[in-house]
4 protein chains.
Amino acid sequence: MSPKSPTQFTAIREKSRAKILKAAVELFSKYGYLEVSVSRIAEKAGVAKGLLYNYFHSKEAVLKAIVDLMMSDMQVFMESVAGEERPKVKIERMIRLSFRMFREKAAFYKNIMSIITQSGVPSKIKKPLNDFLAEAVAELEETFRLEGVENPRIEALKLGAILDGVAWHYLFVFGESYPLDNMENELVKRYTGTVK
Amino acid sequence: MSPKSPTQFTAIREKSRAKILKAAVELFSKYGYLEVSVSRIAEKAGVAKGLLYNYFHSKEAVLKAIVDLMMSDMQVFMESVAGEERPKVKIERMIRLSFRMFREKAAFYKNIMSIITQSGVPSKIKKPLNDFLAEAVAELEETFRLEGVENPRIEALKLGAILDGVAWHYLFVFGESYPLDNMENELVKRYTGTVK
Amino acid sequence: MSPKSPTQFTAIREKSRAKILKAAVELFSKYGYLEVSVSRIAEKAGVAKGLLYNYFHSKEAVLKAIVDLMMSDMQVFMESVAGEERPKVKIERMIRLSFRMFREKAAFYKNIMSIITQSGVPSKIKKPLNDFLAEAVAELEETFRLEGVENPRIEALKLGAILDGVAWHYLFVFGESYPLDNMENELVKRYTGTVK
Amino acid sequence: MSPKSPTQFTAIREKSRAKILKAAVELFSKYGYLEVSVSRIAEKAGVAKGLLYNYFHSKEAVLKAIVDLMMSDMQVFMESVAGEERPKVKIERMIRLSFRMFREKAAFYKNIMSIITQSGVPSKIKKPLNDFLAEAVAELEETFRLEGVENPRIEALKLGAILDGVAWHYLFVFGESYPLDNMENELVKRYTGTVK
DNA sequence: GATGAATGAGTCTTCATTCAT
DNA sequence: CATGAATGAAGACTCATTCAT
């Protein structure tokens with residue numbers, strides 16, 4: 001008799017939106033943005049194709065939403081180390097954080113790398129990701145500088161390259177057999193002189 | 001008009017095939033496999049669309065042919081250092097070779113990384129590329145072992161990660177502004193104790 | 001909260017229905033029947049999409065309701081001259097009435113001509129409009145006959161054609177720059193021998 | 001063995017293009033531009049949907065092609081009376097030409113009027129048609145001026161309105177029952193003082 | 001060997017309509 | 001009476017592939 005309350009609608013919306021995003025993340029990370037059709041996302045999410053457009057005005061908007069999610073996730077991670085003043089500790093935390101992301105946000109991370117690598121993706125979407133990476137390297141550089149490292153820029157790029165290289169190898173080349181834990185400890189040791 | 005000799009036919013075939021491959025390489029590295037249509041390849045190659053199917057039975061077969069080309073290119077590179085017995089020198093040469101490839105075969109390399117990243121590409125094509133990478137790491141591992149490094153597997157993976165990370169940063173993130181030369185010298189110094 | 005009296009319900013119903021019709025008229029005349037979506041009508045009317053189906057069982061039914069409205073409007077106009085016995089005066093009044101409609105009901109008139117022109121619109125809707133036009137011509141014919149004009153049918157069709165032609169030029173071709181007033185006086189003079 | 005000659009290809013292309021245009025003209029004039037889908041055009045033309053895009057880069061381009069055809073047809077008609085110096089004769093010829101077009105190019109003319117009337121059609125397409133109509137009226141005005149008519153502008157608009165009104169009544173309201181011949185003779189008599 | 005017209009499945013997107021609350 | 005989430009058919013358009021010549 002009475003219409004659904006706004007609260008009910010919000011809850012329903014949130015749930016459907018989440019279903020769609022979840023399906024999209026999985027499919028994009030497994031098959032790549034261009035290879036996945038809107039129909040397939042809808043099917044996997046268990047909703048009608050049309051419903052997707054109730055929440056995202058285009059396929060690209062779905063990708064954008066995923067990227068935004070990932071970005072704020074990463075931002076949170078970044079901020080969690082931002083307060084750290086001791087350079088060595090900060091480096092260690094950044095390394096450990098990166099590995100945690102590789103492990104816990106594998107699907108997201110795969111998407112990110114795949115998006116950056118795919119030419120079909122509009123640069124409107126790529127730009128913020130590239131910017132984020134560049135910023136992360138800048139942060140590393142600053143930390144190395146504080147630590148008194150001789151060539152902080154090069155050193156930051158090197159660590160950045162290792163981390164992204166590890167991610168790439170883990171996510172796209174070697175898969176589960178990759179010795180993620182060993183690499184993590186090795187890098188921490190190498191950059192801080194200690195092992196946990 | 002006049003009947004052509006078998007040799008002439010072969011020459012013609014080879015020329016058309018090469019034209020098509022060249023066009024495909026350029027387009028794939030610039031726009032990505034999925035974004036490039038067969039028509040566009042044919043157009044760029046200056047042949048009729050139908051002719052392409054005379055040489056390759058599908059669009060995917062064109063990609064396969066390109067990957068094969070790249071693989072043998074890399075194989076040649078690899079073999080050029082295979083004979084080197086002195087571990088330190090071998091490591092240096094492998095590093096320098098990699099950077100030469102990043103620089104001189106940027107388009108190829110971009111394609112490779114992009115292909116590996118796109119799970120849409122059938123594993124028939126991706127497998128050999130992955131294998132090649134694994135093999136290269138194995139080669140590094142063996143060399144580090146000879147050198148007497150403590151944990152050659154980890155060390156090889158680390159250098160592999162750096163190299164691929166550098167490639168990724170250079171090709172997809174930072175572009176021409178990336179200090180490729182500095183990184184090269186830095187790595188050589190780090191791994192051999194010398195600079196050129 | 002409190003139970004509403006039947007009168008209240010009727011009032012509410014009437015108000016919502018009117019809001020929807022108003023919105024539809026405006027949108028249809030501005031963008032055309034096919035170009036306007038039900039969502040847009042509901043949005044402009046400030047009601048939920050579903051409510052529209054509470055009052056009209058389809059989008060087409062909304063159009064039908066609008067056409068009916070227009071028809072009764074025109075009927076009223078027609079009846080206002082029906083009593084006139086003097087042929088010359090009647091002709092003049094019909095001409096002047098037509099121009100008043102072009103001016104004051106431009107949106108309605110645009111809709112009508114547009115509907116008649118779009119064969120996509122089901123004839124259930126077009127029929128009454130066509131009938132109305134035919135009737136108007138018949139009325140003119142009768143009046144010309146009374147006046148003793150030689151070929152009243154042809155004369156009626158000719159005046160009808162001029163009036164619709166003027167409407168068409170004014171509404172779709174020349175727009176505001178069309179000399180509606182001049183044409184009106186010219187026609188009155190031509191058909192009655194007088195100017196106001 | 002040998003490829004088709006360019007001449008053969010041109011012939012084939014011309015034939016297919018014509019088939020598609022013919023189907024489109026018929027469907028557009030019967031159901032209106034917006035109501036007709038590309039699939040339906042292709043089906044009626046007896047070709048695959050995709051082929052249409054081999055000849056026209058969009059549905060709108062098909063419409064544009066039709067409009068262009070119509071425009072040049074009308075241009076030819078216009079030019080055929082352009083040389084006529086005697087005003088009375090010129091007016092008669094213009095009237096008779098118009099009626100010939102209504103009769104012989106009914107489908108085209110229906111399209112034109114329907115296009116001008118439909119809001120969904122981009123003004124890029126409408127503009128030239130409107131311009132053409134305006135030009136035709138200007139031509140009439142000039143002729144009336146030469147004839148020494150008192151108010152040539154109004155007179156030209158009036159004749160223009162009659163002609164378009166007749167077309168509208170014939171094509172959209174009364175259909176085959178409309179006394180086209182009578183109207184034609186009546187108008188000629190009215191504007192030249194003679195009947196054929 | 002070479003041409004490009006032709007096919008049709010598949011892409012993203014829109015929208016009238018239904019329905020649980 | 002009122003809401004808006006959900007559906008699915010249909011629309012315009014793309015493109016790998018085939019084939020007659």
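Because the structure is predicted, anything quoted here is derived from the model rather than measured. Proteins come first, then strands; the chains are lettered A, B, ... in the order of their sequence lines, and each starts at number 1.
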Atom [atom1] of [X] to atom [atom2] of [N]: distance rounded to whole Å?
| X | N | atom1 | atom2 | value |
| --- | --- | --- | --- | --- |
| D:I20 | F:dA12 | CD1 | P | 14 Å |
| A:F9 | E:dC19 | CZ | C1' | 11 Å |
| A:I41 | F:dA6 | CD1 | C1' | 18 Å |
| A:K15 | E:dA20 | NZ | C1' | 14 Å |
| B:K59 | F:dT18 | NZ | C1' | 17 Å |
| C:L52 | E:dC19 | CG | P | 17 Å |
| A:E14 | F:dG4 | CD | P | 16 Å |
| C:Y53 | E:dC19 | OH | C1' | 13 Å |

Hey, is the side chain of B:S16 poking within less than 4.0 Å of OP1 or OP2 on E:dA2, counting only N and O atoms?
yes

| message | Looking at E:dA5, I'd like to know if its phosphate oxygens (OP1 or OP2) sit under 4.0 Å from a side-chain N or O belonging to D:R13. | response | yes

Looking at the side chain of [X], which of [options] is the nearest nucleotide?
| X | options | result |
| --- | --- | --- |
| C:Y55 | F:dC1, F:dA12, E:dT17 | F:dC1 |
| A:S58 | E:dT13, F:dT7, F:dT21 | E:dT13 |
| B:N54 | E:dA5, E:dA2, E:dG8 | E:dA2 |
| A:L51 | F:dA5, E:dA16, F:dC13 | F:dA5 |
| D:S37 | F:dT17, F:dG4, F:dA12 | F:dA12 |
| D:V47 | F:dC13, E:dT7, F:dT17 | E:dT7 |

Are the side chains of [X] and [Y] in touch, meaning some heavy atoms are under 4.5 Å apart?
| X | Y | value |
| --- | --- | --- |
| A:Y53 | A:V38 | yes |
| C:Y33 | C:N111 | no |
| B:T117 | A:K110 | no |
| C:F172 | D:M113 | no |

Indicate, with a heavy-atom threshold strictly under 4.0 Å, whether C:V62 touches base, sugar-phosphate, or nothing. nothing

Counting any heavy atom closer than 4.0 Å, what does D:I12 reach on the DNA or RNA strands: base, sugar-phosphate only, or nothing?
-> sugar-phosphate

By nearest-heavy-atom nucleotide on DNA chain F, the more 5' of C:A48 and D:H57 is C:A48

Closest heavy-atom pair, A:L21 versus A:V62, reported as atoms and distance to 0.1 Å, is CD2-O, 4.1 Å

Between B:G46 and A:Y33, whichever has its closest DNA chain E nucleotide further toward 5' is B:G46

Pairing partner of E:dT21, by Watson-Crick or G-U wobble and under 3.5 Å for both distances, is F:dA2

The Watson-Crick or G-U wobble partner of F:dA10, with both key distances under 3.5 Å, is E:dT13

What do the steps show when you test C:M70 against C:V67 for side-chain contact (heavy atoms from CB on, under 4.5 Å), and what is the final call? CA-CA 5 Å; C:M70 294 190 276; C:V67 169; 3.8 Å; yes

When you measure only distances, ignoring hydrogens and angles, does the side chain of D:K49 come within 3.5 Å of the base of E:dG10 through a donor and an acceptor?
yes

